[in-house]
Amino acid sequence: MRKVNRLTRQDRLFIAGVSVAYLVLSMSLLLSWPLFSPDEAIFADTAHNVLLGGHPSTTLVAGMESGSYWQPPAWFYCMAPVIGLFGYDILPLRIVSMLVGLLVLWATFMLARRLDLSTWATRTCLVLLALNPNFVTYVKFARMDGLCVLLTILGLVAYATSSVNGKALPLAGGIVLFGLAVLTHPLGLIGPATAGCHVFVGLRGTKKPRTGTLFWITLPVVIAVAVWFLFAGNHTDFWTQVRFQMERKSRPFPASMISFAERYRTLPLFGLLIPAGLLNSWTRVSHGSSRLPLLLALGATISTVVVALSFEIPYHVYCLPFLSIACAGFLERYSRDKHPIRVGALVAMIAVLCNFVAYFLFFNYEFHWALRHETDYGTFTAKIAEEIPQGSTVCIAGYPSAYWGLIGVNRGYRLLDETFLSDSLGIQVSKRAEWFVVVNGLTSRDDSPDVVSQVDMMQRYAAKAGKTCILMNFIGERRRFAYSARVFRLLPREGMSAF
């Protein structure tokens, strides 16, 4: 086992250079790509209400006005002081998420060093993660994912340190970090699951106490889940919201995996590297006496399987740090001097990085040149506001979310999101809402599945509420990535004759 030394001057310069590249790529599309999501608005409003009322709640989702329990509470309490210091706006929240992503980069570098990878592989994994569009793009979401991943990786760094030196203090630190990760997002379970499997498999046949270590790794998970449950002021609402989350994320087996793979259709070379990196990480397990390669193989496999089976777009952030390390190990193996395909491996790495850069160049061109007027968020949402009288109750849906623009015009709108915990709450929202706005910034098609399903849902609930949806105006351009909005009026059935 080689000793993990302090960072050299060359290491620090390399990390600084890669960090600058990450920040440049991230800042270039900070408020453009990814499009503002409804979750960002809901989670931000929940954190804002921590600041105002002392506990997480949101008026955007019917049924969560007195308490929001569908996510663990840690992120909301972390963001409340950010909102207090920098104001209630999407910009500071995305900047914080971007900076958390920078910390994830550094933590991933630490984990790669602790896992006994070479200097070449450690630096390569940092580059693969820092320039990966699926990391740079999705870690910027004003969500809890980046913070959860940071805590998870730091917990595994502490666990790996304890595995190397046998000391209890790093293990205790890792245990605390695992508990905080679970209190941030349920996928924080990836960390303790990885460490627990490593203890169960990696310590087999040794004199180290497996049962005791497993107990201490499991304990913070139990405590975190108990705190999440006890934190809820209304346990009926807690189960209603958690059940809604589970039902919403339950998809047929192939559908979630296909959605996961689709995220790499614009990054095909890295997509091909993923299975190669996973296979290589398991190949390393059988070589040598160190048990650290097993930790990487378990972390990369568990995180990838979990994300692929419970897929949502931001979830790539949970597996990409592990996959970047695994892919770097694969590239290192075939890039060594005298290896028959050394040149091919180096060309493959360069091609992957060129693919990454081309992605960012394309979207910068689209949003800052080709569609700079069609994606002007402030102008776009101001046009929506022109259609809706002051003080109206408005239900909103789609990407980019119109929330930030509509609260910014100061017209006293009462905004609701098209997230319905139950049919009865959907009907209730339809009774209250006077207007319904569906935004689309992803496709130019009028028959887009997302738009059709959102309109159909509102029409169905409106009908049950004795109302009808009347399309009043179409705003924007029918072009890919150009913003467009369909503005509907919700009227009682007898009021139809007035239009």
Side-chain angles (χ1 to χ4, degrees), residues 12-37 39-41 43-44 47 75 78-79 82-83 85-109 125-147 149-150 263 266-267 270 313-314 316-317 320-321 324 352-381 399-401 403-405 408 441-442 481-483:
R12 290 193 292 270
L13 289 173
F14 185 83
I15 292 171
V18 173
S19 299
V20 169
Y22 162 79
L23 291 173
V24 168
L25 293 176
S26 190
M27 286 294 294
S28 69
L29 295 166
L30 184 62
L31 297 179
S32 303
W33 189 254
L35 303 178
F36 298 147
S37 82
D39 280 357
E40 289 181 284
F43 293 155
W75 187 85
C78 289
M79 290 304 104
V82 172
I83 293 170
L85 286 171
F86 301 106
Y88 185 53
D89 189 66
I90 187 63
L91 177 60
L93 292 174
R94 280 209 167 180
I95 288 176
V96 168
S97 293
M98 178 189 69
L99 294 178
V100 169
L102 181 62
L103 296 179
V104 171
L105 289 179
W106 298 346
T108 302
F109 186 85
C125 89
L126 186 66
V127 173
L128 288 175
L129 184 60
L131 305 186
N132 192 315
N134 281 351
F135 177 78
V136 178
T137 300
Y138 303 134
V139 80
K140 290 201 301 281
F141 273 126
R143 289 174 46 104
M144 59 286 298
D145 306 296
L147 178 60
V149 172
L150 176 63
R263 293 299 103 193
T266 54
L267 306 169
F270 186 79
I313 288 176
H316 287 279
V317 176
L320 283 174
S324 297
V352 168
L353 297 180
C354 288
N355 190 184
F356 289 172
V357 172
Y359 178 100
F360 288 108
L361 289 175
F362 171 78
F363 280 103
N364 271 282
Y365 170 77
E366 287 290 303
F367 290 112
H368 299 317
W369 182 257
L371 297 174
R372 64 185 182 277
H373 299 301
E374 293 82 355
T375 58
D376 185 324
Y377 182 76
T379 302
F380 172 69
T381 50
Y399 294 81
S401 171
Y403 174 78
W404 301 101
L442 295 173
F481 300 124
Y483 298 166

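Hydrogens, waters and symmetry mates play no part in the numbers below; they use all other heavy atoms, side chains included. The first residue in the sequence is number 1, and the count goes up from there.
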Legend entry - Residues forming a side-chain contact (heavy atoms from CB on, under 4.5 Å) with Asn364, sequence neighbours excluded: Ser28, Leu29, Phe360, His368

Legend entry - 4.5 Å side-chain heavy-atom contact, Val100 and Val149: no

Inset, instruction - For atom CZ of Phe362, decide whether the heavy atoms of other residues, nucleotides or ligands shown that lie under 6.0 angstrom number more than 12. - result: yes

Legend entry - salt bridge (charged side-chain N to carboxylate O under 4.0 Å, His left out): pairs with one or both residues in residues 23-32, sequence neighbours excluded: none

Legend entry - Smallest separation among heavy atoms of Cys125 and Ser324, with atom names: CB-O, 3.5 Å

Inset, instruction - Could you pull out the closest heavy-atom pair between Leu93 and Ala44, with the gap in Å? - result: CD1-CB, 3.6 Å

Inset, instruction - Compare every heavy atom of Pro133 with every heavy atom of Leu267, then report the nearest pair and how far apart it is. - result: CD2-CG, 3.8 Å

Inset, instruction - For Arg94, check salt bridge (Lys or Arg N to Asp or Glu O under 4.0 Å) against everything at least two apart and list the hits. - result: Glu40

Inset, instruction - Please step through side chain to side chain contact (heavy atoms under 4.5 Å, CB included) for the pair Leu25 and Val357, ending with a clear verdict. - result: CA-CA 9 Å; Leu25 293 176; Val357 172; over 6 Å; no

Legend entry - Gap between atom OG of Ser97 and atom CD1 of Ile90 - 0.5 Å precision: 8.0 Å

Legend entry - Spatial distance of atom CG (Leu320) from atom CG (Asn132) [nearest 0.5 Å]: 5.0 Å

Legend entry - Distance in Å, Leu129 CG paired with Phe109 CZ, rounded so as to fall on 0.5 Å steps: 12.5 Å

Inset, instruction - Walk me through it: do Phe43 and Met79 pass the test side chain to side chain contact (heavy atoms under 4.5 Å, CB included)? - result: CA-CA 9 Å; Phe43 293 155; Met79 290 304 104; over 6 Å; no

Legend entry - Rounded distance [0.5 Å steps], CZ in Phe270 versus CG in Asn134: 8.5 Å

Inset, instruction - Identify the two heavy atoms, one from Val104 and one from Pro321, that lie closest to each other, and give their separation to 0.1 Å. - result: CG1-CG, 4.1 Å

Legend entry - Inter-residue atom distance Ile313.CD1 - Thr137.OG1, 0.5 Å rounding: 10.5 Å

Inset, instruction - Can you label the angle between the Tyr22 ring and the Phe135 ring as parallel, tilted or perpendicular, going by 30° and 60°? - result: tilted

Inset, instruction - Might you point out which heavy atoms bring Trp75 and Ala142 nearest each other, and give the distance in Å? - result: CH2-O, 3.5 Å

Inset, instruction - Could you note down all residue pairs passing salt bridge (charged side-chain N to carboxylate O under 4.0 Å, His left out) where residues 131-146 supplies at least one of them, sequence neighbours left out? - result: Asp39-Arg143, Arg143-Asp145

Legend entry - Residue of the set Tyr399, Tyr377, Tyr483, Phe141 for which ring-ring contact (aromatic ring centres under 6.0 Å, His included) holds with Phe36: Tyr377

Inset, instruction - Check the pair Leu128 / Leu353 against side chain to side chain contact (heavy atoms under 4.5 Å, CB included), numbers first and verdict last. - result: CA-CA 7 Å; Leu128 288 175; Leu353 297 180; 4.2 Å; yes

Legend entry - Atom of Ala21, atom of Leu131 and distance for their closest heavy-atom approach: CB-CD2, 4.1 Å

Inset, instruction - Tell me, please, which residues at least two apart from Val18 pass side-chain contact (heavy atoms from CB on, under 4.5 Å). - result: Phe14, Leu126, Val127, Ala130

Legend entry - Non-hydrogen side-chain atoms of Thr375 and Ser32 separated by less than 4.5 Å: no

Legend entry - Stepwise side chain to side chain donor-acceptor pair (under 3.5 Å) test for Trp106 and Ser19: CA-CA 9 Å; Trp106 298 346; Ser19 299; 2.9 Å; yes

Legend entry - Qualifying residue for side-chain contact (heavy atoms from CB on, under 4.5 Å) with Pro92, from Asp89, Ile95, Val96: Asp89

Legend entry - Counterpart residues, side chain to side chain donor-acceptor pair (under 3.5 Å), relative to Glu366 (two or more places apart): none

Inset, instruction - Kindly assign one of parallel, tilted or perpendicular to the pair Trp33 and Phe481, based on the angle between their ring planes and the thresholds 30° and 60°. - result: perpendicular

Inset, instruction - Supply the atom-to-atom distance Leu103 CG to Thr108 OG1, rounded to the nearest 0.5 angstrom. - result: 10.5 Å

